[in-house]
Each structure stands twice: as C-alpha cells, then as structure tokens.
Protein chains: 2
Amino acid sequence: MKAADKAKHRTDMISSALRSAILERVLMPGMKLPEDSLGERFGVSRTLIRQSLERLAAEGLVELRRNKGAMVARPSLEEARDLFELRTQIEDLVISRVVKNMSPEILGELESHLAKEVEAEHASEPISIRLATEFHILLARLAGSPVLLRYVEEIGYRCGLTLSLYARPHSTDCGIQEHRQIIDALAKGDEDTARKLMRHHLTAVADRALFRTEEGGPLLYLDALEPYAKKVRDGGA
Amino acid sequence: MKAADKAKHRTDMISSALRSAILERVLMPGMKLPEDSLGERFGVSRTLIRQSLERLAAEGLVELRRNKGAMVARPSLEEARDLFELRTQIEDLVISRVVKNMSPEILGELESHLAKEVEAEHASEPISIRLATEFHILLARLAGSPVLLRYVEEIGYRCGLTLSLYARPHSTDCGIQEHRQIIDALAKGDEDTARKLMRHHLTAVADRALFRTEEGGPLLYLDALEPYAKKVRDGGA
DNA sequence: GTATAAAGGATTGCATGCAATTTCGCCACA
DNA sequence: TGTGGCGAAATTGCATGCAATCCTTTATAC
C-alpha cells in the first residue's frame with residue numbers, strides 16, 4: 001500500500017487553488033469561470049474543473065447558474081449579515097470546546113500560527129488576510145469536531161469573500177492584537193473572556209464591511225492566476 | 001423565460017432519491033453504490049450518478065473511497081456522539097431564531113406538519129421517521145437563515161443515518177408528544193422552555209442510539225429501490 | 001432610428017470510450 | 001489444506017464528442 005493513499009488528488013488541488021485565488025482576491029466576485037479556459041490553464045479537462053466548481057458552489061464561493069456557467073459568488077448584503085451573525089454563534093461553540101480541550105500542544109499550535117501572522121503583517125495584504133482566516137480555522141480544528149470544523153471553514157471562507165466585496169480596502173481585516181488576546185484568554189481557561197473577545201473581534205470585522213463599493217456587473221475573466229495553476233500542473237503540494 | 005427556471009434537474013432528483021432511500025433504510029449503511037448499476041436503474045449515465053454521489057458524500061451520507069467506489073456511510077460511534085452533541089447546540093440557535101420570528105403563519109406551518117406526523121403515526125415506520133426528521137428541518141427553515149438551514153439538514157440526515165445503524169428497531173424515534181410540547185412553548189414565545197424541551201428531545205433520541213447492532217462488513221447492493229428510481233425516470237416531482 | 005427576429009458562435013449538459021486501478025477467482029506449490 | 005501469486009473481470013478516473021441552450025450580432029421590417 002502506497003503511503004500516498006490519502007494523496008489529495010487533482011480535483012482537490014484545483015478546488016484549493018481556486019479557493020485561494022478567490023480569497024486572495026485574484027478572482028473577484030462576479031468574474032466568470034468558464035470550464036474550457038480554466039481547464040486549459042490547469043492542464044486538465046472540463047470534467048475535473050466542473051467537479052471543482054460544484055464543490056466550491058456547495059461552499060457558497062461560486063454561483064452556478066444553469067446553462068449559464070459559473071461565476072465567483074456575489075453574496076448580497078442580507079446574506080452577509082446572516083453569515084456574520086451565524087459566525088459569531090458558531091465560533092462561540094468553538095471557543096467552549098477549545099477551552100475544554102486546552103493543552104500545551106494546542107497552545108503551541110496557536111502561538112505558532114500567531115507568529116506566522118506577525119511575520120506576514122507587512123507582507124502583501126492578501127496573504128495576511130488568508131492567515132487571519134486560517135486562525136479561525138485552526139481554532140475550529142482544535143475544537144475536535146470534524147463537522148464543526150467544516151462549518152467554520154465554510155462560513156469563514158464566505159465571510160472572506162464578502163469582505164472582498166464590501167469592505168474598504170485598507171482595513172487590516174483581522175487584528176493580530178485581537179488574536180493575541182483571544183489566545184491569552186484561552187490559555188488561562190477563561191472561557192467567558194475568550195468568548196467576549198471573539199464576539200467583539202468578529203463584530204469589528206463585520207462592521208468594517210458596512211459600506212459597499214457598488215462595482216458593476218460581471219467582470220471579465222482574468223488569467224493572471226498562473227501561479228495557482230502552476231502548482232496544480234506540477235503536482236506539488 | 002420559462003416558469004421552470006428553478007426546475008430541479010436530474011442530478012438533484014437523483015440525489016434526493018438516494019438520500020430518501022438511505023434515510024428510509026432501503027439502502028443500509030455499508031451497501032455498495034456502483035455507478036453503473038445505479039445509472040442503469042435511474043436511466044442515466046454514470047456522469048450524473050457520480051455527481052449525486054459526490055453531493056451526498058459532501059453531506060456525509062456516503063463514503064467515497066478512491067478507486068474503490070462509493071458506499072452508504074457507516075458513521076463511527078465517536079462521530080455519532082460528536083454529531084448529536086453538535087446537533088443540540090445548533091438547534092439551540094434555531095429555537096432562538098424561531099422565537100424571534102414567531103408569527104401566526106409560522107405557527108400554522110408547524111401545526112400543519114404535526115398533523116401529518118399524527119396521521120402517519122401508525123403508517124410504515126420509515127415514513128414516520130422521515131417526517132420526524134423533517135420537523136426539525138421545518139423549524140430550521142422558519143429560522144430564516146439559509147446557511148443554518150443547510151447545516152440542520154445535513155446534521156439531521158446524518159443523525160438519521162446513524163440511528164439506522166445503532167438504534168434499536170422499535171423505537172418511535174421522535175416522540176410526537178415532544179414535538180407537540182415544543183410547538184406549544186414556541187407559540188407562547190417561551191424560548192427557555194422550548195430550548196429545554198428540544199434539548200431533552202434530542203438527548204432522548206441520541207440515548208436510544210446507545211447499543212450497536214454490530215452488523216458485519218459491506219452488504220451487497222440491493223436493487224429494490226425501484227420506487228425511487230421510477231420517480232426520477234418519469235421526471236415527476 | 002428603433003425594435004424585433006433570425007443566424008451564428010460560444011458554453012454548458014450529458015453520454016460514452018479508453019486507460020488505470022482494484023478485486024476476485026484460479027491454479028500452483030508448499 | 002492453506003497460502004501466495006497471477007490473470008481476468010469489474011469498476012473507477014478522466015477525456016472527449018455531440019446535442020441542447022444561451023448569448024451576440026446582424027439583418028430586416030416598421
């Protein structure tokens with residue numbers, strides 16, 4: 001039996017690449033995602049592209065209109081509100097589970113991630129946004145419930161997408177300072193404080209998403225996602 | 001523009017049919033789901049079957065092992081516990097939202113569903129199980145959050161699947177009496193009581209799933225799902 | 001000049017074909 | 001009799017082809 005039994009395969013890699021491209025704002029909301037062009041760029045046939053798009057559609061990152069192709073989702077303000085509200089409640093569940101599971105290893109993982117965030121603070125904005133999102137996902141993983149993890153991932157991704165539509169450009173979208181405080185509260189086992197901090201943190205992020213840019217209709221598809229495609233074609237991790 | 005713009009299409013219908021078959025215990029956990037046979041039975045090609053299976057796999061109803069085909073999921077006891085715990089917490093969120101949205105129409109929908117449950121009480125067991133599951137889903141719909149609805153659906157389905165693995169056969173899996181009480185509490189706007197009742201209700205269901213049947217390996221695929229396939233082939237709703 | 005209709009091009013929906021992988025049966029051999 | 005390996009059958013992974021649908025452009029009528 002190969003060690004690569006759990007090898008992620010091409011569909012997974014393509015999905016990940018597209019997801020990253022969306023979250024890092026290389027693919028903006030409203031952009032069309034034609035199967036042919038994507039297939040050509042990733043070096044696979046439409047079959048795999050279609051699978052990936054359907055997966056992303058299930059996550060709410062892509063809109064899939066019948067006979068009219070896929071495009072990066074453009075969540076409405078109403079959906080966005082719903083999403084952010086649900087997010088605070090779901091992450092409440094995460095917090096209480098992480099407090100219950102708290103251990104040195106867990107603390108270590110959190111610290112290690114925060115270090116990465118600090119390091120990337122002055123790097124390119126998309127990367128710091130991604131790391132900020134991944135902080136929440138790491139927390140969810142540490143909560144120990146696979147299903148909860150999936151939900152936090154999905155909500156987190158969709159909130160990220162929403163921010164790229166509605167948030168003002170220059171917001172440091174997730175305060176590193178706030179992550180710091182949350183970790184400290186968790187380390188002390190202070191569930192209540194951690195909860196409050198998380199709530200405040202998420203509310204702050206949501207509030208920054210208040211006024212919209214009102215950018216017009218569907219943009220044209222941009223093929224500057226070469227870096228994403230390359231990884232997939234090379235079969236790299 | 002056709003009125004049938006939102007026409008559910010074949011993949012949706014097949015997914016629904018398979019989901020029903022799983023929840024109504026026509027397809028038991030561990031059964032193999034070969035693309036060919038299913039395609040033949042539903043009158044479509046493997047392409048659509050594959051799409052459906054992937055969708056169900058995303059919901060956790062189907063396990064999809066690489067190069068080894070699909071089978072009805074066999075959730076472990078650990079997963080089951082996780083699922084039931086998460087379920088009570090998620091449905092807490094549902095309760096408080098429904099209380100906030102309470103209105104005569106909503107009450108009407110609840111009553112109307114309960115009537116169906118009462119009517120089917122002495123009908124075949126699979127149908128009453130399905131109706132019981134749908135009570136929770138109806139509540140989630142009335143909560144007004146599409147994402148929350150999806151999560152409740154998924155968790156509910158998976159819990160239903162779990163019950164078909166671990167629960168004793170003759171349990172009236174969801175007390176109609178308990179649904180009755182929950183509706184009453186909601187009607188009075190008594191969030192706390194409704195929450196407690198729901199918690200108790202779900203715990204009761206989960207507890208019935210304590211001792212396992214320990215049925216062996218993967219069974220053989222049964223093609224007695226003709227009724228499900230027929231609807232799909234006829235294009236009926 | 002505007003509006004409507006028809007033709008052409010582009011894109012998706014679905015089926016099928018071929019190669020790769022796994023599984024199962026069979027036979028040899030200890 | 002039990003075990004190991006080899007080969008055929010079954011099944012999935014992926015690509016491609018054709019038909020159906022939608023969008024765009026052009027031509028024609030008012």
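Source: prediction; values computed, not measured. Chain letters run A, B, ... following the sequence lines, proteins first, then strands; residues in each count from 1.
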Where protein sits on nucleotides 5-10 of chain C, one letter per nucleotide: B base, S sugar-phosphate only, - none, heavy atoms under 4.0 Å: ------

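- In terms of heavy atoms, Pro29(B) sits closest to Ala73(B) at CB-O, 3.3 Å.
- Atom pair Leu64(B):CG and dT12(D):C1' shows a separation of 10 Å (rounding to whole Å applied).
- Between the side chain of Glu109(B) and the backbone N or O of Leu138(B) there is no donor-acceptor pair closer than 3.5 Å.
- Residues Leu86(A) and Ser145(B) share a closest heavy-atom pair of CD2-OG, 4.3 Å.
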Where do N or O atoms of nucleotides 19-21 of chain D meet protein N or O atoms at under 3.5 Å, pair by pair?
from: dT21(D); atom 1: O3'; to: Asn67(A); atom 2: ND2; distance (Å): 3.3

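- The two residues Ile22(A) and Leu61(A) have their closest heavy-atom pair at CD1-O, 4.1 Å.
- In this structure, Lys68(A) does not reach the dT12(C) phosphate: none of its side-chain N or O atoms is under 4.0 Å from OP1 or OP2.
- A straight line from CD of Glu35(A) to C1' of dC22(D) spans 14 Å, rounded to a whole angstrom.
- Of the possible donor and acceptor atoms, none in the side chain of His179(B) sits under 3.5 Å from a partner among the backbone N and O of Leu110(B).
- Looking at every heavy atom in both residues, Ile90(B) comes nearest to Leu148(B) through CG2-CD1, 3.8 Å.
- Salt-bridge annotation for Glu91(B) and Arg87(B): present, with a side-chain N of the basic residue lying under 4.0 Å from a carboxylate O of the acidic one.
- Side chains of Ile137(A) and Tyr157(A) form a contact here, defined as non-hydrogen atoms less than 4.5 Å apart.
- Taking atom CD of Glu40(A) as the reference point, atom C1' of dT16(D) lies 15 Å away to the nearest angstrom.
- For the pair Lys32(B) NZ and dT22(C) P, the computed distance is 13 Å after rounding to whole Å.
- Per the geometry, CE belonging to Met31(A) stands 19 Å off C1' belonging to dT11(C), to the nearest Å.
- A straight line from CE of Met71(B) to C1' of dT12(D) spans 16 Å, rounded to a whole angstrom.
- Of the residues listed (Arg158(B), Arg19(B), Arg150(B)), the one engaging Glu59(B) in a salt bridge (Lys or Arg N to Asp or Glu O under 4.0 Å) is Arg19(B), and it is the only one.
- Judged by distance alone, with hydrogens and angles left aside, the side-chain atoms of Glu63(A) form a donor-acceptor pair with the main-chain N or O of Arg74(A) at under 3.5 Å.
- Of all the residues in residues 43-60 of chain B, Val44(B), Ser45(B), Arg46(B), Thr47(B), Leu48(B) reach under 4.0 Å from DNA chain C with at least one non-hydrogen atom.
- Between the P atom of dT21(C) and the CZ atom of Arg65(B) lies a distance of 18 Å, rounded to the nearest Å.
- The NE2 atom of His9(B) lies 3.5 Å from the CZ atom of Arg66(A); values are rounded to the nearest 0.5 Å.
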